[in-house]
Amino acid sequence: MSIAKTYLPKEAEEKWYNYWLENNFFRSVPDDREPYTIVMPPPNVTGVLHMGHMLNNTIQDVLIRRARMKGKNACWVPGTDHASIATEAKVVAMLKEKGISKKDLSRAEFLDYAWEWKEKYGGIILDQLKKLGASCDWERTRFTMDDDLSDAVIDTFIHLYKKGWIYRGIRMVNWDPQGKTAVSDEEVIRKEVNQKLYYIKYFIVGSSEFLTIATTRPETIMADAAICINPNDERYTHLHGKKVFIPLINREIPVILDEYVEMDFGTGCLKVTPAHDLNDYELGQKHNLPVIDILNDDGTLNTKAQILVGEDRFAARKKIAAMLEEAGGLEKVEEYKSQVGFSERTNAVIEPKLSMQWFCKMEEMAKPALDYVLAGDIKLIPEKFINTYRHWMENVKDWCISRQLWWGQQIPAWYLPDGRYIIAKTIDEALEQAQQLTQNSRLTTQELVQDEDVVDTWFSSWLWPISVFDGFKDPENADISYYYPTNDLVTAPEILFFWVARMIMAGHEFKGKIPFENVYLTGIVRDKLGRKMSKSLGNSPDPLDLIEKYGADGVRVGMLLSSPAGNDLMFDESHCEQGRNFYNKVWNAFRLVKGWEVDDKLDNPNQIAIDWFESRFNQAMIEIEDNFVQYRLSEALMATYKLVWDDFCAWYLEMIKPVYLQPIDRDTYNKTIAFFENILKILHPFMPFITEELWHDELFGGRNGLDCCIVAQLPANGEINSRILADVENVKQIITQVRNIRNSKQLSPKEALQLSIKSNSGIDYLAYKTILTRLANLSELTLVDNKLAGASSFLVSTDECYVPLNETIDPIAESERLQKEKEYLTGFLKSVNAKLGNERFMANAKPEIIEAEQKKKADAEAKLRIIDEGLLGLAN
RNA sequence: GGGAGCAUAGCUCAGCUGGUUCAGAGCAUCUGCCUUACAAGCAGAGGGUCACAGGUUCGAACCCUGUUGCUCCCACCA
């Protein structure tokens with residue numbers, strides 16, 4: 001039977017994922033063990049797996065799997081977010097294709113379609129995560145619009161309302177004319193855009209004079225309520241108290257005075273349009289100006305505009321400009337760069353719009369949430385985000401939580417015929433309260449109208465760490481008591497405010513506790529050119545294609561290889577290739593060991609190699625653990641990678657590998673299998689599939705049933721023999737040097753060489769004879785007391801090594817080589833001596849540093865002596 | 001406009017409270033090898049005035065100041 005040279009992951013991936021599922025390895029229920037919990041940032045139901053998800057969920061899975069293998073009760077809760085705007089937009093588009101308009105549907109009918117859509121497409125992204133190997137407890141899968149979770153949303157709304165933290169008011173909000181809803185400040189993305197600055201003439205009433213204002217939005221002139229100038233602006237004192245005509249529609253508006261206007265910006269005259277600009281609104285409030293809203297919800301002009309009614313705002317802009325031009329009302333047009341807000345969800349240009357919305361007060365909730373982070377109760381990784389977080393929390397603004405949509409939790413406000421409203425969970429409760437309020441017991445539910453709006457999606461996801469464990473329905477239930485607070489949250493810095501900050505607030509407000517201990521903020525996945533990977537740019541590879549090509553293990557390794565926390569990840573497919581090469585290396589190490597035959601009669605000649613690797617492994621375990629503690633996952637992986645590839649494959653296996661077709665002794669064999677098993681364990685969190693596949697191979701005892709790698713326990717810390725580690729370093733150097741001689745003399749690797757060592761360090765190289773002979777391909781190894789003339793020589797620490805060759809050594813060249821080395825050592829020694837002779841150094845440096853310097857000095861002096869002897873020998 | 005961060009080999013990044021380890025890793029590169037585990041491999045090698053300019057220090061990639069370039073976050077200048 002022969003085993004393929006390359007490992008093909010596909011079959012194993014499906015087999016083992018199903019096996020894990022069938023045997024409930026992902027399942028977590030409270031027990032005596034210590035819990036380790038992660039709640040997955042719920043991806044949007046509309047989402048398709050992208051590289052950001054891949055990175056995020058790979059990290060979470062590595063953490064979860066490692067915790068599981070450390071004996072913790074690991075629970076990873078998956079789920080999806082209903083994403084009201086995005087989903088509603090998708091459903092509207094889907095209906096449009098069917099020839100159905102949202103307007104023609106009742107709310108209930110629309111929601112039926114939406115749920116149908118969700119059932120059909122909403123699970124796709126979670127299924128994709130399974131391909132990656134995500135070991136979530138799928139039985140705990142939640143959706144932010146599950147009945148329980150929606151109940152929690154309504155309950156918290158009522159709770160906060162009762163506290164006086166939720167209120168209703170007319171405010172200037174960010175209006176998304178495409179989604180036809182308000183969005184929160186955080187959902188507005190500002191981008192610099194090239195615009196035109198139009199200079200428009202406003203004629204003064206009763207005069208042929210005019211003033212000029214500069215605006216980027218000429219289509220809003222019909223909504224102007226005043227022109228504002230700075231009272232100190234001497235250019236315009238003659239305009240005080242005057243009125244001007246709005247061009248084209250000739251409506252009279254006053255000239256008002258306010259120091260808000262910058263004299264040296266533009267023309268120093270500002271058109272005040274309270275309905276369409278936040279500052280203008282405030283200015284309007286101050287000066288009692290009327291609010292003239294000339295826009296419909298979809299961004300077209302309404303009848304109040306008087307002209308261009310029904311035209312889209314951007315079409316109207318061009319037309320107004322043309323009309324002004326024609327009427328001679330346009331002085332000039334300049335190119336101008338300015339910030340424009342775009343909707344995060346629909347990418348439409350945000351329109352400031354005055355409307356009645358629900359708000360949630362933030363100030364009091366922000367305070368404790370900030371304190372948790374500043375006090376270190378919650379750690380942000382990397383720490384640099386603490387500053388950003390603080391800045392936001394200290395300047396937090398009230399949260400506009402209502403959305404003019406149907407997909408989501410409907411606001412539990414019930415309006416009475418007289419316009420007053422009741423906040424209640426059900427219509428019956430509302431009726432009861434309404435009857436009391438109005439003293440009218442004949443009031444019926446027919447007369448109550450529920451608020452049409454739904455709450456912001458984040459108003460449900462901020463409850464996620466609590467609501468997934470039913471912490472609202474049943475605050476003391478076994479799950480929430482056991483799993484909450486969760487341990488790690490892995491998410492993108494982009495949603496630090498949207499989500500992370502608000503979860504902390506909710507955790508404090510509703511549980512009196514932090515929701516998680518550590519927040520690992522991943523970077524943004526970018527392409528090689530540094531551009532953010534996005535669907536619209538088309539620069540993002542399809543993760544499923546990558547898995548198909550490199551295997552899930554390969555992609556996981558690829559994602560992790562260069563992704564330090566908080567730093568952006570320049571994604572390069574070659575990393576996945578490296579991941580694939582890596583598991584193939586493991587596969588081939590397996591093939592090697594698998595091919596060995598054991599002879600029980602043989603003695604073990606490899607004890608020293610075994611002792612060395614054991615120490616090396618234990619050393620690496622500490623290093624890896626340390627990296628995990630610091631959330632340096634890519635470094636933990638790299639340490640593992642080097643341990644497996646370099647130490648285990650390139651050194652250890654080569655040291656003990658029997659000659660072709662020769663059997664191996666029982667002891668070495670068993671120890672090697674044990675090492676390999678440990679390697680499978682530490683690799684498992686990174687590469688779950690191949691490790692599980694090998695774990696069950698006959699080589700490792702043909703395990704079956706519940707004995708799986710996924711639940712194997714990581715090896716305990718073992719002893720580290722630093723002496724052997726140091727000695728082997730010398731041995732390895734000698735091997736490399738001999739190979740180097742062979743290489744530089746262009747000798748065949750097959751040609752065995754003689755090696756003589758004069759061991760000044762006291763290392764007994766004969767103990768390493770097997771290793772040296774095999775790896776350096778020696779015909780003979782001897783220890784000598786004297787220098788060997790006429791041989792190629794090199795120094796490893798203070799040990800002199802001689803390789804006699806069938807050629808005469810050129811004494812001049814050799815002398816030059818030694819001279820060069822001597823020069824370096826002398827210089828080095830000089831600097832060390834300078835330090836040791838420096839009073840200030842001796843006074844200020846730490847003792848261990850001084851000690852290290854003294855050791856360096858001794859080493860360098862010893863080497864110098866040896867070189868001098870060599871030079872002397874050559875001279876004779 | 002305010003704030004934060006980054007700048008180290010061709011690329012992606014380490015470099016912990018300043019101490020020579022003539023600055024490290026992985027990948028890529030170059031040379032030689034199809035050596036019976038692996039060419040998705042093996043062996044070996046080369047490669048950096050640590051962005052620039054000053055300063056502090058016995059000593060600076062690391063601390064301070066300035067300059068340049070880049071990134072991100074926040075902000076209502078028409």
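Chain identifiers are assigned alphabetically (A, B, ...) following the order of the sequence lines, protein sequences preceding nucleic acid strands; residue numbering begins at 1 within each chain.
Within 4.0 Å of A/Thr273, counting heavy atoms only, lies no atom of the nucleic acid at all. Residue contacts for A/Arg739: at a heavy-atom cut-off of 4.0 Å it reaches the sugar-phosphate backbone alone, with no base atom in range. Residue-level contact check: A/Tyr198 touches neither bases nor backbone, having no heavy atom under 4.0 Å from any strand. The residue A/Leu278 sits apart from the nucleic acid: no heavy atom pair falls under 4.0 Å. Contact annotation for A/Val593: no contact, since no heavy-atom pair falls under 4.0 Å across all strands. A/Phe828 comes within 4.0 angstrom of sugar-phosphate atoms only, judged by non-hydrogen atoms across all strands, and of no base. Residue contacts for A/Cys228: at a heavy-atom cut-off of 4.0 Å it reaches no nucleic acid atom on any strand shown. Within the nucleic acid shown, A/Glu654 comes within 4.0 Å of at least one base atom, counting heavy atoms only.
Using a 4.5 Å heavy-atom threshold, the side chains of A/Glu187 and A/Ile350 count as separate. Residues A/Ile690 and A/Tyr7 are in side-chain contact: their nearest non-hydrogen atoms beyond the backbone lie under 4.5 Å apart. The shortest side-chain heavy-atom distance between A/Glu331 and A/Tyr198 does not fall under the 4.5 Å cut-off. Counting heavy atoms from C-beta outward, A/Met222 and A/Ile292 have side chains that stay 4.5 Å or more apart.
In RNA chain B, stems built from 3 or more consecutive Watson-Crick or G-U wobble pairs, each with both distances under 3.5 Å, span B:1-7 with B:68-74, B:10-13 with B:24-27, B:29-33 with B:41-45, B:51-55 with B:63-67.
Across B/G44, B/A40, B/C42, the shortest atom-to-atom separation from the side chain of A/Lys585 is found for B/C42.
B/G26 sits 25 Å from B/C70 when the C1' atoms are compared, rounded to a whole Å. Distance check on atom C1': B/U8 versus B/U49 gives 12 Å, rounded to whole Å. Taking atom P on both B/C11 and B/C16, the two are 22 Å apart, rounded to the nearest angstrom. Comparing B/U17 with B/A53, their C1' atoms sit 27 Å apart, to the nearest whole Å. Going from the C1' atom of B/A39 to that of B/U31 covers 16 Å, rounded to whole Å. B/G44 sits 37 Å from B/C63 when the P atoms are compared, rounded to a whole Å. Comparing B/G59 with B/G69, their P atoms sit 32 Å apart, to the nearest whole Å.
A/Tyr660 has its OH atom 7 Å from the P atom of B/A37, to the nearest Å. The distance from atom CG of A/Asp224 to atom P of B/A78 is 16 Å, rounded to the nearest whole Å. Remark: P of B/A40 and CE of A/Met687 are 18 Å apart, rounded to the nearest angstrom. One interatomic measurement links the two molecules: CG of A/Asn588 to P of B/U36, which rounds to 14 Å at whole-angstrom precision.
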Polar atoms only, N or O, under 3.5 Å: list the protein pairs with nucleotides 2-10 of chain B and their distances.
none

Hey, what are the protein-to-nucleotides 15-17 of chain B N/O distances that come in under 3.5 Å?
from  : atom 1 : to       : atom 2 : distance (Å)
B/G15 : OP1    : A/Arg632 : NH1    : 3.4
B/G15 : OP1    : A/Arg632 : NH2    : 2.7

Close N/O contacts between protein and nucleotides 26-30 of chain B (under 3.5 Å):
from  : atom 1 : to       : atom 2 : distance (Å)
B/G26 : O2'    : A/Gln578 : NE2    : 2.5
B/C27 : OP1    : A/Tyr641 : OH     : 3.3

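Between A/Tyr583 and B/C38 there is no side-chain N or O to OP1 or OP2 distance below 4.0 Å. Between A/Lys5 and B/A39 there is a side-chain N or O to OP1 or OP2 distance below 4.0 Å. Dashed line: the shortest gap from a side-chain N or O of A/Ser748 to OP1 or OP2 of B/C33 is not under 4.0 Å. In this model, the phosphate group of B/G59 is not approached by any side-chain N or O of A/Lys835 to a distance below 4.0 Å at OP1 or OP2. Contact between the side-chain N/O atoms of A/Asn740 and the OP1/OP2 oxygens of B/A45 is found at a separation under 4.0 Å.
Every residue two or more places apart in sequence or in another chain that forms a side-chain hydrogen bond (donor to acceptor under 3.5 Å, both in side chains) with A/Glu573 is listed here: A/Lys549, A/Tyr550. In this structure, the side-chain hydrogen bond (donor to acceptor under 3.5 Å, both in side chains) partners of A/Lys857, at least two apart in sequence or on a different chain, are A/Asn833. Taking the side-chain contact (heavy atoms from CB on, under 4.5 Å) definition, one finds that A/Arg817 meets it with A/Ser793, A/Glu814, A/Glu821, sequence neighbours left out. Contacts of A/His287 classified as side-chain hydrogen bond (donor to acceptor under 3.5 Å, both in side chains), with partners at least two apart in sequence or in another chain: A/Asp258. Applying the side-chain hydrogen bond (donor to acceptor under 3.5 Å, both in side chains) criterion to A/Thr773, with sequence neighbours excluded, gives no partner residue. Taking the side-chain contact (heavy atoms from CB on, under 4.5 Å) definition, one finds that A/Lys585 meets it with A/Trp645, A/Cys649, sequence neighbours left out. Applying the ring pair (Phe, Tyr, Trp, His ring centres under 6.0 Å) criterion to A/Trp596, with sequence neighbours excluded, gives no partner residue.
Two residues, A/Lys750 and A/Lys732, neighbour RNA chain B, and the one matched to the more 5' nucleotide by heavy-atom proximity is A/Lys750.
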Q: Please test A/Arg313 against A/Glu351 for salt bridge (Lys or Arg N to Asp or Glu O under 4.0 Å), starting from the C-alpha separation and ending with a verdict.
A: CA-CA 10 Å; A/Arg313 52 194 168 141; A/Glu351 190 64 44; 2.8 Å; yes
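The backbone N or O of A/Val261 sits less than 3.5 Å from a side-chain atom of A/Asn230, completing a donor-acceptor pair. A/Asn627 contributes no side-chain N or O that, together with a main-chain N or O of A/Leu633, makes up a donor-acceptor pair within less than 3.5 Å.
Separation of atoms CZ (A/Arg502) and CE (A/Met362) is listed at 6.0 Å; rounding is to 0.5 Å.
The list of salt bridge (charged side-chain N to carboxylate O under 4.0 Å, His left out) pairs with a residue in residues 622-640 of chain A, not counting sequence neighbours, reads A/Arg66-A/Glu625, A/Lys70-A/Glu625, A/Arg632-A/Glu635.
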